[in-house]
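The structure appears below as structure tokens.
Since the structure is predicted, the reported quantities are computational estimates derived from the model, not experimental observations. One-based numbering along the sequence shown.
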Amino acid sequence: MKTKTKVFNILIPFLILFACKQDKEDAVVNYVDPTIGGVGVLLQPTRPAVHLPNQMIRVYPMKNDQLDDRIQYFPLTNASHRTLWVFGLMPWDEAITPDSWTRPAVFDRETTTPYYYAATLGENGCRIEFAPEKKSGIFRIAFQGGQPQYLRLTALNRNGAFNVSGRRTVSGYEEFEGMKAYLYAETDADITGSIYRDESGKDAVMLGFGSNSQTVSFRYGISFISEEQAKENLLKEIPDNNFEKVKDAARQTWENTLSQIQVEGGTPAQRRVFYTALYRCYERMVDINEYGRYYSNYDHKTHESAEPFYVDNWLWDLHIAHEPLHTILNPQMVTDQIRSYIRMYEQGGTIPSFAILTGDWPAMTGNYAAVWFADAWYKGLRGFDLQTAYEGVRKNSLDRTLLPWNNGPRTPLDDFYNERGYLPGLPPGEQETIPQVDTKWEKRQAVAVTTVNSYSDWCIAMLAGELNLPHDRELFLKRAAFYRNVFRTDKGFMWPKDKEGNWIEPFDPRFAGREYFTENNAYTFNWDVKHDLNGLFRLMGGREQAEACLDRLFREPLGKSKWEFWTTQPDATGMVGQFSMGNEPSFHIPYLYNYLGSPWKTQKRIRMLLDVFFTDNLFGIPGDEDGGGMSAFVVFSMMGFFPVTPGIPVYAVGSPVFNKITIQLPGGKMFTVVAKNNSAENKYIQAATLNGRPLTKPWFTHSDLAGGGVLEFVMGNEPNRQWGSRAEDAPPSEIGYAIGN
């Protein structure tokens with residue numbers, strides 16, 4: 001007995017090691033490939049960001065794209081998605097020459113994960129590694145010796161300065177858009193000398209470390225409050241130079257986060273696409289509360305608060321899928337994010353459009369905060385002040401300008417919109433008269449402004465009803481129907497009108513650019529009326545005619561050579577006919593067949609779009625990923641459903657890619673999607689049940705999902721044209737949210 005016990009005790013460490021190895025091999029985080037989409041098809045590539053979910057520090061190598069063989073520097077954080085970086089770090093193991101301050105380094109042997117990055121740099125083979133914490137990070141640099149060794153620190157924005165104090169400490173700051181970022185860093189090797197570059201102030205410094213072979217750790221904290229707070233952030237999160245501890249903790253955080261959705265079946269490539277997309281959905285918003293304090297550039301003050309304060313959100317891009325996904329997975333975080341928006345309103349006087357670190361960036365069009373707030377409210381989130389949120393979005397609609405890329409009071413065009421129910425377009429050749437309109441590129445986008453604000457005004461009407469404001473509800477329901485004023489029934493298209501109320505001619509629905517639409521053409525914006533699909537179908541002549549119009553969208557040729565088409569439609573990428581998979585206004589469109597009596601066409605289209613445009617390689621994103629906007633479409637669609645109309649708590653059914661998907665919901669409940677007989681060929685739903693009861697409609701409610709349960713599909717290789725074919729059961733009319741006749 002003692003012998004057996006002794007043998008067993010000897011085996012225990014090996015069993016544990018084997019179990020840990022298996023756990024690491026089976027971990028879902030291993031499926032994430034941050035390089036997917038790293039070469040932009042036409043526009044921006046993705047970046048292999050290393051960070052913790054929704055946290056302040058986001059680091060990646062700064063290079064043109066994933067085909068670039070040189071790294072310029074590593075920003076110590078990406079402060080605002082794709083627009084603002086602070087403090088560049090770069091190892092340097094050569095003699096200092098004038099171009100040493102800006103010259104990039106050739107790299108090789110790159111490793112990219114959500115929690116860890118590594119690469120070999122330069123001719124001498126210097127190895128750099130990085131692992132993140134919330135407000136801090138740690139680099140580990142292995143110098144090979146025989147050459148001078150430096151760490152190059154650069155202020156990436158104006159008016160920056162650095163200070164080396166003692167042998168192992170460096171601090172600094174840089175200024176941008178009325179605020180500062182502060183740096184506090186420590187090394188584990190002595191700084192033998194410092195060389196400053198005095199251009200526009202002390203905006204760069206070379207930290208010298210001799211010339212022997214050695215490994216140097218550089219751990220740092222970032223703050224938007226003070227240098228002292230940056231130091232506190234660092235010492236709370238990374239109190240010593242234990243790189244592996246930081247790396248392992250970050251890995252476990254990602255494993256826990258991504259494991260909230262478990263998939264079975266599919267191919268390894270599909271799992272890589274899915275979990276990489278899910279990882280992308282956690283890049284933002286980011287919490288900038290620094291242990292009880294945060295700086296807000298919305299009122300230029302530092303606030304004491306135990307609550308998170310979230311920034312970096314592009315609602316035009318994220319409202320359709322990204323925000324609804326987190327409403328399922330992380331309702332408390334979404335509540336905190338909406339509370340952050342409300343505080344921004346209280347601090348700055350407006351509900352932001354794009355709530356970035358430096359303040360409201362009035363990019364794009366629309367009042368999509370209203371959509372977000374309504375969607376959260378109707379999905380049961382109650383932890384925010386609806387009255388104040390409503391006050392803010394109402395003000396945005398009635399008292400602020402609706403013009404693209406603009407943030408200010410009403411203009412004469414807004415007064416016209418309020419009185420006549422549409423934004424007037426300019427006939428070809430007519431000069432712009434409104435100074436607030438960007439005449440170089442963005443233009444008026446007259447039709448898009450009308451359709452998107454019809455939707456957000458409908459959401460405001462719904463919220464007015466919740467607050468028992470019948471007059472407001474009636475006002476905004478009337479405004480929700482303004483889209484009808486720009487639909488030309490004899491042509492079957494959204495069409496611009498001039499200020500006299502005449503249809504503008506000549507006009508080609510394929511090539512009308514930003515004078516009338518936002519990043520897309522009339523073929524896309526025909527379907528922008530997500531809040532009143534029944535009303536839209538009637539304008540098109542009924543469901544049969546609407547379905548024919550939807551078919552035409554996917555089949556209509558470009559009409560010109562590709563280069564001519566993209567001259568006016570540079571954001572319309574991933575084309576199938578006139579349908580643009582690479583741009584957010586298209587995401588809901590393939591699901592509209594569900595509401596026209598032909599859900600099998602949704603199933604066909606979704607599988608095709610996923611298979612063709614979302615692959616596990618450098619070209620695996622068909623357009624701007626936009627920090628989670630497009631990735632959320634992938635996550636939803638691969639799971640088999642999609643929120644066509646945020647604000648209506650309903651999910652349209654698609655065609656699940658995996659045999660089984662299990663979502664771990666807050667509170668311990670689970671929602672499972674099972675697809676029997678599922679395969680690449682068997683993409684069509686033959687029958688369905690929800691919690692054991694027949695499901696005959698191609699949609700289900702948020703309460704069905706949030707309550708936990710099992711949605712089960714039987715799949716086949718031929719369409720079942722009868723399943724879900726009762727078009728009159730489309731959700732907007734079914735649950736009474738449509739605006740009526």
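- Looking only at atom types and distance, the side chain of Asn330 has a donor-acceptor partner in the side chain of Tyr282 under 3.5 Å away.
- Glu110 has a carboxylate O that lies under 4.0 Å from a charged side-chain N of Lys63, or vice versa, which qualifies the two as a salt bridge.
- Glu712 has a carboxylate O that lies under 4.0 Å from a charged side-chain N of Lys676, or vice versa, which qualifies the two as a salt bridge.
- Cation-pi check for Lys560 over Phe511 is met; the charged atom lies under 6.0 angstrom from the ring centroid and within 45 degrees of its normal.
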Under the side-chain hydrogen bond (donor to acceptor under 3.5 Å, both in side chains) rule, what do Ser561 and Glu564 come out as? Steps first, then yes or no, please.
-> CA-CA 5 Å; Ser561 65; Glu564 288 178 295; 2.9 Å; yes

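- Counted by atom type alone, Asn520 and Asn583 present one or more donor-acceptor pairs between their side chains at under 3.5 Å.
- Here the options are Phe642, Trp699, Phe636, the test is side-chain contact (heavy atoms from CB on, under 4.5 Å), and the partner is Tyr591; only Phe642 passes.
- No option in Trp527, Phe554, Phe613 other than Phe554 meets the ring-ring contact (aromatic ring centres under 6.0 Å, His included) test with Phe579.
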Derivation of the side chain to side chain contact (heavy atoms under 4.5 Å, CB included) call for Glu519 and Trp316 | CA-CA 12 Å; Glu519 296 190 353; Trp316 188 90; 3.6 Å; yes

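- Note: Phe507 and Phe493 fail the aromatic proximity criterion, with ring centroids not under 6.0 Å apart.
- Side-chain rings of His51 and Tyr115 stay apart, their centers remaining 6.0 Å or farther from each other.
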Test side chain to side chain contact (heavy atoms under 4.5 Å, CB included) on Lys530 and Trp458 and set out the steps.
-> CA-CA 10 Å; Lys530 296 186 278 288; Trp458 175 81; over 6 Å; no

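- Side-chain contact check for Asp616 and Gln270: no donor-acceptor pair (N or O, by modelled atom type) lies under 3.5 Å.
- In this structure the side chain of His81 reaches within 4.5 angstrom of the side chain of Arg284, judged on heavy atoms.
- Ala688 and Phe713 make their closest contact through CB-CD2, 3.6 Å (heavy atoms, listed as atom of the first residue, atom of the second, distance).
- Atom OH of Tyr279 sits about 6.5 Å away from atom CH2 of Trp254, to the nearest 0.5 Å.
- The backbone N or O of Val28 lies less than 3.5 Å from a partner atom in the side chain of Glu255, making a donor-acceptor pair.
- Between the side chains of Tyr523 and Arg552, at least one donor N or O lies within less than 3.5 Å of an accepting N or O.
- Between Asp33 and Arg271 there is no salt bridge, since no side-chain N of the basic residue sits under 4.0 Å from a carboxylate O of the acidic one.
- Phe671 and Phe641 have perpendicular rings, their planes meeting at more than 60° on a 0 to 90° scale where under 30° would count as parallel.
- Taking CG of Asp508 as the reference point, atom CG of Asn521 lies at 8.5 Å (rounded to 0.5 Å).
- Here the side chains of Tyr455 and Val529 are not in contact, with every heavy-atom distance at 4.5 Å or above.
- With Trp314 as the aromatic partner, Arg82 does not meet the cation-pi criteria of under 6.0 angstrom to the ring centre and within 45 degrees of the ring axis.
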